[in-house]
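A short worksheet on the structure shown next.
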Amino acid sequence: MLDLAFIRSHPDVVKEAARLKYNDIDIDYLLEVDRKVTSLQREVEEARAQQNQISKQIAKVGKDKELREKLIAEGKQLAEQIKSMEPMLIALLEERQQLLYLVPNIPDPSAPIGKDENDNVPVKYWGKIPTFDFEPRDLYTIMQNLDMVDIERGVKVAGARSYILKNDAARLELALMNFAFDRVARKGYTPLIVPAMAREFCFIGNGQFPKGRDQVYAIENDDTFLVGTAEVSITGMFKDEILKVDDLPLRFVAFCPCFRREAGTYGKDTRGVFRIHQFNKVEQYIICRADHEESVLWHEALLANSEELVQALELPYRVVNVCTGDMGDGKVGMYDLECWLPSENRYRETHSCSYFHDWQARRANIRYRDEDGKVRFVHTLNNTAIASPRIMLPLLETHQQADGSVKIPAALRPYLGGQEYFRPHEIGAKV
RNA sequence: GGAGGGAUGGCAGAGUGGUCUAUUGCGGCUGUCUUGAAAACAGCUGGGUUAACAGCCCCAGGGGUUCGAAUCCCUUUCCCUCCGCCA
C-alpha cells in the first residue's frame, strides 16, 4: 500500500508505476472516491462536533426543563442527520481502502522494464554448467530409480500435484531444511517455526490478498487460510506494533510448510515435483528502518546468503534482475536465483529475493519510533533460503552419477549422518 | 465440546451513563540542584485523521440503545480458571 498523501500529490508517478507493472488500477477513479470521502467526512465531523457541544450543555443545564427538552430535540435531530450520512461514508471509506490495496509500489529505476519473465535481465552467473559422459536422467527418473517418490499414492491421498517423498528423498528434505536453517541462523538471523495457517489480516498485510486470493487454501468453518510462505505469518506477527529503533533490524530465518493452489497452471510443469501444492521452505525475512540505502543493503545481503547456500550445494546458478511486469505489485526490486537444470538445459527459479520499502508495513501497520521520536513505517524484505522439493531438481540432476546413484555435496553430509551417496535402499526399503 | 471470569494508554491499574469524555503509580524524556551521577523537586510523556487545529476518531473487533457509552444490550475474537477429549 502506498501513502494516500503521496498518491494525491504524485498521481502521475503512480500511474506510470502501474503501467510498468501491467496493473490496470484506475488512479483517477481512486482520487475521485477519495475526494468524496474527505468532503463527506468533513460534514459528518462538523455535525458530530455540534452534537458534542449540545451533549455538554445538556449535562450542565440542570433544572431548566424547557431548555433541556429543547436541547435534547436538537441533539436528536443531529443524531439522525449523522445516521443518515454514515452508511454512505462507510461505503466510500471501504471502497477507497479496497482500491488502495490494489495500487502497486513504485519499482526502483534500476529494475528492468518489461512484461514477463522473458524480459528479466541476468546479472550474474556462477559455477560451471555440468557435462555428463553418460545420458543424464531427469529428476523424475532419478527419483524413481532411487525409490524416492510415490506420485500415484500421493495423488490418491491428496489429489493432483501431490506426492509422497520416501526413503532418501524424505531424509534429504529434512536435511536441506536443517542445513539452510543452521547456516542462516549462524549469521545472526533468529530461527523461527511459524504457523502454516494464518488469519486474513496476515495475507492482506503481506500483499497476498485481495489479488492473490484464488491461490490460497481457505480453511472451512474457521477464519484462517494456509500460508504459501512464512512471509505471511511473519508479517502478521508484527501487525499494529510500534518497534524500538534499537531493536532493528529484525532478521529471521523461518521454517514453515507452504501451500499453494496453483490455480490456472493446469498443464504447466505437471511431471514430477516442480510445481506442487505443498512443500517445505526455509525463508529469510528482514524488518529494517525506513531507509532506501539500508533496504538495498539488506536486499544484497539476503541474496548473498542464498548464493552461499546454493554454492555450498555445488549448484551452478544465475541471478536475474526481475523486470517490472514480472515482479508483483508490492515490490520495489526483485532478484530471482535460478539453478541450472540439466534435464531442461536451462536455469529455473529456486529462490526469490524481494524488497518492499514500506508497502507491506503500511498494510500491516508495522512501525517503529526513530531516534527523533517520530513514528515511521518499517521496511520489509524477504528471500528464500531453501525450498524443497524444488531444490531437489537441480541437486539430484547435477550430482547424478553414471551408475544411477547421486553424490551428496560435502556441505550437506553432516545433516545426513555423513552419507556420501544416495543409492537405492541403502537406507529404507521398497514399498 | 461444557461452565465461569476477563480484555482500559510502554507496563501496572482506577473508572458501572454526562459535571476535566481516562484518576493514579511505575517506566521514559527534560529542567533545577551537583565536579559528575543518584536522590529530591518541577514539567512533559499514546496513536490516527486534517493544509492545520482549540475539531473529529481510537478504552480488543463489529453492531445496537441514548441527546450523550470505557460504562448498558447483542455479537465476534483472544486470554485466564475448572471439567471433558487429545498428540
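Here is how names work: the chains are called A, B, and so on, in the same order as the sequence lines, proteins then strands, and each is numbered from 1.
For the P atoms, the distance from B:A60 to B:A14 is 15 Å, rounded to whole Å. Of the C1' atoms belonging to B:U76 and B:G6, the separation is 16 Å, rounded to the nearest Å. Only the C1' atoms considered, B:U45 is 11 Å distant from B:G9, to the nearest whole Å. Taking atom P in both B:G48 and B:G10, one finds a spacing of 12 Å when rounded to whole Å. Comparing the C1' positions of B:C59 and B:A70 gives a spacing of 5 Å, expressed to the nearest Å. B:C26 and B:G18 have their P atoms separated by 29 Å, with the value rounded to a whole Å. Spacing between B:C73 and B:C29 at atom C1', rounded to whole Å, works out to 43 Å. On the P atoms, B:G25 is 16 Å away from B:G13, given to the nearest whole Å.
A:Arg199 comes within 4.0 angstrom of the backbone, heavy atoms only, and of no base.
In this structure, A:Phe225 has its ring center under 6.0 Å from that of A:Phe209. With ring centers used as reference points, A:His299 lies under 6.0 Å from A:Tyr335.
Between A:Gly75 and A:Arg369, the residue whose closest nucleotide on RNA chain B is further toward the 5' end is A:Arg369.
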In dot-bracket form, 5' to 3', how is RNA chain B paired? Count Watson-Crick and G-U wobble pairs only if both distances fall under 3.5 Å, and write | where the partner sits on another strand. ((((((((.[[[..)..(.....]]]((((((.......))))))((((.....)))).[[[[[..)....]]]]])))))))....
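Computed from coordinates, the A:Lys244 NZ to B:G28 C1' distance equals 11 Å when rounded to whole Å. If you measure from atom CG of A:Asp3 to atom C1' of B:U49, you get 13 Å, rounded to the nearest angstrom. Computed from coordinates, the A:Lys239 NZ to B:G47 C1' distance equals 14 Å when rounded to whole Å. Taking atom CD1 on A:Ile82 and atom P on B:U65, their separation rounds to 14 Å, with Å as the unit.
Picking from B:C67, B:C78, B:G47 the nucleotide with the shortest atom distance to the side chain of A:Val375 gives B:G47. Distances were taken from every side-chain heavy atom of A:Gln51 (C-beta onward) to each of B:C67, B:G47, B:U65; the shortest belongs to B:C67.
Using cut-offs of 30° and 60° for the angle between ring planes, the A:Trp359 and A:Phe356 rings count as parallel. Note: A:Phe179 and A:Tyr415 have perpendicular aromatic rings, judged against thresholds of 30 and 60 degrees for the angle between ring planes.
Taking only distance into account, the side chain of A:Arg68 meets the base of B:G18 through a donor-acceptor pair shorter than 3.5 Å.
When A:Ile142, A:Val273, A:Thr350, A:Leu172 are each tested for a side chain to side chain contact (heavy atoms under 4.5 Å, CB included) with A:Met392, only one passes: A:Leu172.
Of all heavy-atom pairs spanning A:Gln419 and A:Arg413, the tightest one is O-CG, 3.0 Å. For the residue pair A:Cys323 and A:Asp116, the shortest heavy atom distance occurs at SG-O, 3.3 Å.
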